[in-house]
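All of these numbers come straight from a predicted model, not from anything done at the bench.
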Amino acid sequence: MTLSLNELDNRQGKLLFIIWGIIALLLIIAYWPGLHGPLIFDDIQNIVENPSVAITDLSYDSLKQALLSNESGLLKRVLPALSFGINHYMAGGFVDTLPFKLTNLLIHIVNSGLLMCLLVLLWPLLKFPGQPSTLQVGLSILLMTGLWSLHPLQVSTVVYVVQRMTSMAATFVLLGLCMFIYGRQLLQHNFSRGMTLMCIGVLGGIVLGLLSKENAALVSCYAAVIEFSLFTRKGLPGNQKWGLYIFYTVLVALPICLVLIYYFVTPGNLIASYGGRSFSLSERLWTESRVLWFYLSLLFIPDITNMGLFHDDIAVSHSLLQPLTTLVSVIAWAVLLLIVFVVRNRLPVFTFAVLWFLVGHSMESSFLPLELVYEHRNYLPSIGIIVLIAYIFIYYFEYLFKNRQNSSVICYASVTAVALLIAGITYGTFLRANYWASESSIFTSIGQNHPDSPISQYLYGEVLFKTQHKPLLAYPHYFKAAELNTDEVAFVIMAILTTPPDIIANLSDKQLKKTLSSKHVVDLILHKPLSPWSLTIFEAAGECVIARQAHCLPHSRKVSRWLRAVLKSRYVAQRYKRQYIQQLYTIQMLNGQYEPA
């Protein structure tokens, strides 16, 4: 049995609507614990501390203010920015986070419906095994849509409010691709109408998606993946084939060539953009070959203890052989791509899955100077892998029951297996959403699950020290963060301020003792680019001394020395230095250092 949107009868339409309703209900249940959670990290910078978001009415001027409130990207991501302003108006501020989080969830539910439409359009092309009935097709669609939308890996996209930029861009990408596929299927019967729909779908998806986030520019590349892996051009007349060649040349090949030419002509711009990073362009490319396998492991084995906000416990690849797993990863990708082309006609779903995943990561996981690892980058790329997982499951199930004649047994077994799989994945998401119920539970979970992540250890220390007021339990985590990343000033400073002085004085490890010295901090301030963590910690250290808190008083002169170094640093903007000058003056006056003050 085949399905397509223009051939759906009333019974099949109702079945799909029921499936979407079930998924929506499961999503609400799974994400409910995290819907009242806090705004954190980039939420603060982009939303809470952005005065243009805080609109108090829905007048034209207020909506325009919110629309233009974000500075990211060429088009300022205006659609998510506008929605943040409307959420602020609905919530009456930033204390009630439910409108912000619920909007994210509703967008995710809409995206699950659009994915269902995409899968219905692609179903005849994916060549799933057997000749399934309407119920079995419905179960397959439920399995694929449910696995994607309810996968625990999506949690950091759905409940992290600022990642609405990712999910909202995905809405227009999916909508555009649905129109593209519908037009492509019409092409042989009505070329002009089909080509028009294809162009509207791709260009509309790109333009509207770019108003949310830049990776929506990949719509045409996703379309090319679908064309290459699933469609055939054998039955098309010569002029229609030429029309397709022109379509992909203009919308895929030409833009890619222009980007490559730009970076080839001006390579210095790309290299210079890595100036504030702790890794080079080549190191990023080598590392991403391993990171992509890590993403795949999270999709195939959704262990929530391996997931988290930060994955700085993944080592940077300094060369093809350091670490050796880099070479293994590169070879594995080369072999996988070879298989993709070999089995393209016999197993199109495999070709589609791998190419979709790689194309989806081609912007944020390649040469651009972004952070190395973030889970939200898998929001759309994961669709290809989820389709492959569902195919493997269905193929195995078909093989298991191929000699069974009792259709009712097969039916009950199918429903039970899909229900158990969806229930298991939903429970994992529910558990992970619970982590997002409070800032304390978020940081505690990542601290406990990622013992080798410097940022996670630092944040766990923050919870123990500042929220739970347990300094003796907190300092080992600050200490561990500084030990894991000796070049991050914030980690080193907090380790110095919170670790009992006698412990540092009696350290047997001379290198670690040197790391936890005031001189090392000054050297980092003067000679290393400073992270947002560092800029925050200088202010906190100064306030701590001014407030004469017990753990900071012995380090008053050290803090003064650090602030003087900050004022000399070429990596700190003047707007921050004005604040640090005031703090330094106050500390020196409190210490009776009137002449320097």
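- Note: Leu388 CG to Leu347 CG = 8.0 Å, rounded to the nearest 0.5 Å.
- Ring orientation note: the planes of Trp436 and Tyr160 are tilted relative to one another, at an angle of 30° to 60°.
- Partners of Lys213 according to the salt bridge (Lys or Arg N to Asp or Glu O under 4.0 Å) rule, which considers only residues two or more places apart in sequence or in another chain, are Glu364.
- Remark: the backbone N or O of Thr351 is not paired with any side-chain donor or acceptor of Arg344 at under 3.5 angstrom.
- Contacts of His376 classified as ring pair (Phe, Tyr, Trp, His ring centres under 6.0 Å), with partners at least two apart in sequence or in another chain: Tyr374.
- For Tyr427, the OH atom is loosely surrounded, since the number of other residues' heavy atoms within 6.0 Å does not exceed 12.
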* Test side-chain hydrogen bond (donor to acceptor under 3.5 Å, both in side chains) on Asn306 and His450 and set out the steps. => CA-CA 8 Å; Asn306 289 329; His450 295 271; over 6 Å; no
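- Under 3.5 Å, the side chains of Tyr460 and Gln448 contain a donor-acceptor pair of N or O atoms.
- Using a 4.0 Å cut-off between charged nitrogen and carboxylate oxygen, Arg233 and Glu227 count as a salt-bridge pair.
- Side-chain polar atoms of Ser438 and Ser441 form a donor-acceptor pair below 3.5 angstrom.
- A pairwise comparison of heavy atoms in Ser212 and Pro80 identifies CA-CD, 3.6 Å as the closest pair.
- In this structure, the separation between CG on Leu260 and SG on Cys257 is 6.5 Å, given to the nearest 0.5 Å.
- For the atom pair CD (Glu488) and OG (Ser278), the distance works out to 9.5 Å, reported to the nearest 0.5 Å.
- Trp32 and His36 have perpendicular rings, their planes meeting at more than 60° on a 0 to 90° scale where under 30° would count as parallel.
- For the residue pair Leu309 and Phe41, the shortest heavy atom distance occurs at CD1-CE1, 3.8 Å.
- For the pair Arg164 and Phe84, the cation does not sit on the ring face, since its NZ or CZ is not both under 6.0 Å from the ring centre and inside 45° of the axis.
- Ring centroid separation for the pair Phe367 and Tyr263 comes in under the 6.0 Å cut-off.
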